[in-house]
Amino acid sequence: MSREREPVQHKYVRIANDLRALIEREYAPGQRLPGENELAERFGVATLTVRQAIARLRGEGLVESRKGSGVYVQAFRPIRRRGVPRLARQQWGEGKSIWDADEDRPLDVDQISVIEATPSEEIRKVLGLATGETVCVRSRRYSVEGRPVMLAASYLPQALVAGSAIAQPDTGPGGIYARLADLGHAPVRFREEVRARMPSAGEAARLSIPADRFVLKVIRTAFAADGPVEVNEMTMDSAAYVLEYSFNA
């Protein structure tokens with residue numbers, strides 16, 4: 001009876017695993033790691049192997065390189081995104097930002113555009129639009145402590161939101177969902193789909209992340225009593241977020 005061979009583990013992967021454990025045991029967030037030569041001597045490997053291991057940890061978001069200074073344990077505290085309470089009507093219905101359910105740190109929208117556009121076939125079908133109908137596209141980039149953490153694009157039927165605050169950069173207290181309520185189309189339920197994938201070159205550049213770091217793709221559809229009113233496509237730096245879903249049995 002033949003035995004399956006165990007997969008070969010590259011030396012830099014083993015070093016990355018050892019470094020990860022070392023960081024968890026001995027290093028605090030923001031603390032500088034030993035230099036490549038010192039780590040190479042410690043693990044008995046070439047500096048190139050150490051460099052590859054550090055690149056792997058950088059891709060995971062565990063460490064960051066500072067030009068001319070060295071490699072440091074990532075100091076950024078991940079955002080705990082509370083998926084259920086943030087979308088509760090008592091949140092946006094009272095003029096609060098859904099972000100307030102997640103964080104005590106300020107969220108900056110440092111890039112925003114609002115345009116009318118022809119939707120993709122997928123968006124058109126989800127929103128139940130006829131061929132030729134357009135959407136209002138709200139594209140934003142969100143940053144925390146100067147670090148880009150998420151790209152988001154909301155698609156809403158143009159005929160529904162034209163002339164409202166939703167078609168303006170600043171939607172006012174409570175955001176999009178409060179304004180939809182003003183229009184008589186308050187969301188009554190939401191659906192979110194979550195998956196992980198590699199970023200496109202443009203996404204990696206806008207999020208300032210390595211090209212080999214996964215992003216989280218969250219697609220949320222908001223439904224009013226009479227049907228879907230928004231599709232929001234979010235692209236998140238996987239190292240910047242913890243997705244939390246807490247609900248009763």
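All values derive from a computational prediction rather than experimental measurement. Note that the numbering runs from 1 along the sequence shown for the chain.
Using a 3.5 Å distance cut-off with no hydrogens or angles, the side chains of Asp110 and Ser143 do pair a donor with an acceptor. A donor-acceptor pair shorter than 3.5 Å cannot be found between the side chains of Arg213 and Ser238.
Residue pairs satisfying the ring-ring contact (aromatic ring centres under 6.0 Å, His included) criterion with at least one member in residues 212-249, sequence neighbours excluded, are absent. For the salt bridge (Lys or Arg N to Asp or Glu O under 4.0 Å) condition, the pairs that include at least one residue of residues 198-212, sequence neighbours left out, are Arg197-Glu203. Within the structure, the side chain to side chain donor-acceptor pair (under 3.5 Å) test picks out the following pairs touching residues 38-56 (sequence neighbours left out): Glu36-Arg51. Legend: ring-ring contact (aromatic ring centres under 6.0 Å, His included) pairs involving residues 40-89, not counting sequence neighbours: none detected. Applying the ring-ring contact (aromatic ring centres under 6.0 Å, His included) rule to pairs touching residues 102-129 yields nothing, sequence neighbours excluded. Applying the salt bridge (Lys or Arg N to Asp or Glu O under 4.0 Å) rule to pairs touching residues 175-188 yields Arg179-Asp182, sequence neighbours excluded.
Considering only heavy atoms from C-beta on, Arg81 stays 4.5 Å or farther from Val242 through its side chain. Annotation: side chain of Val45 is in contact with side chain of Val50 (closest heavy-atom distance under 4.5 Å). Within the 4.5 Å cutoff, the side chain of Leu180 has no heavy atoms near those of the Trp92 side chain. For the pair Val218/Met236, a side-chain contact is recorded, criterion being any heavy-atom separation below 4.5 Å from C-beta on.
Residues satisfying the side chain to side chain donor-acceptor pair (under 3.5 Å) criterion with Glu60, sequence neighbours excluded, are Arg20. Remark: Glu244 engages Arg80 in a side chain to side chain donor-acceptor pair (under 3.5 Å) (not counting sequence neighbours). In this structure Ala222 satisfies the side chain to side chain contact (heavy atoms under 4.5 Å, CB included) test together with Tyr177, Pro187, Phe190, Val229, Glu230, sequence neighbours excluded. With sequence neighbours excluded, the residues satisfying side chain to side chain contact (heavy atoms under 4.5 Å, CB included) with Val109 are Ile112, Arg140, Tyr142. With sequence neighbours excluded, the residues satisfying side chain to side chain contact (heavy atoms under 4.5 Å, CB included) with Pro119 are Ile123, Arg124, Leu129, Val135. Partners of Arg32 under the side chain to side chain donor-acceptor pair (under 3.5 Å) rule, at least two apart in sequence or in another chain, do not exist in this structure.
Under a cut-off of 6.0 angstrom, the local environment of CD in Glu26 is crowded, with over 12 non-hydrogen atoms contributed by other residues, nucleotides or ligands.
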